[in-house]
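This report refers to the structure that appears directly beneath it.
Not measured: the values here are computed from a predicted model. When a residue number appears, it is its place in the shown sequence, counting from 1.
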Amino acid sequence: MLDELIGEDIQDLKRLVRGELIFQSDEKAYSEAVKCFNHDSKMSPLLIVQVRGALDVQLAIKFARARGLSVSVAGGRHMFNNASMQ
């Protein structure tokens with residue numbers, strides 16, 4: 001699935017959003033981005049979009065929807081059972 005995201009599609013998303021796109025291949029940024037209060041979580045998103053506003057949220061959701069990708073909203077990640085990461 002990652003191979004399908006690399007290329008023009010992902011370059012378009014990078015160009016449009018103000019926030020940061022983080023992939024599993026960027027180990028340091030990725031491990032920091034997936035930290036949550038419940039360290040037992042086994043969640044490993046394909047792509048993390050750290051949004052910087054409502055437009056970034058809209059663009060990320062539109063991008064995922066057009067490609068049939070699932071979306072999880074982490075928000076403040078205050079759920080003890082990681083419900084926001086599922």
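- We find the CZ-CD1 distance between Phe63 and Ile10 to be 4.0 Å, quoted to the nearest 0.5 Å.
- One finds the CZ atom of Arg15 at 12.0 Å from the CG atom of Leu21 (value rounded to the nearest 0.5 Å).
- The main-chain N or O of Val17 is never found under 3.5 Å from a side-chain atom of Asp56 such that the two would form a donor-acceptor pair.
- Note that CG of Leu46 and CZ of Phe23 are 7.5 Å apart. Values are rounded to the nearest 0.5 Å.
- Annotation: salt bridge (Lys or Arg N to Asp or Glu O under 4.0 Å) contacts of Arg65 (sequence neighbours excluded): none.
- Side-chain contact check for Leu69 versus Leu47: every heavy-atom pair is 4.5 Å or farther apart.
- Not a single side-chain contact (heavy atoms from CB on, under 4.5 Å) links Lys62 to another residue, sequence neighbours left out.
- The closest side-chain heavy-atom distance from Tyr30 to Pro45 is below 4.5 Å.
- Considering only residues two or more places apart in sequence or on other chains, Glu20 meets the side-chain contact (heavy atoms from CB on, under 4.5 Å) condition with Ile22, Gln50.
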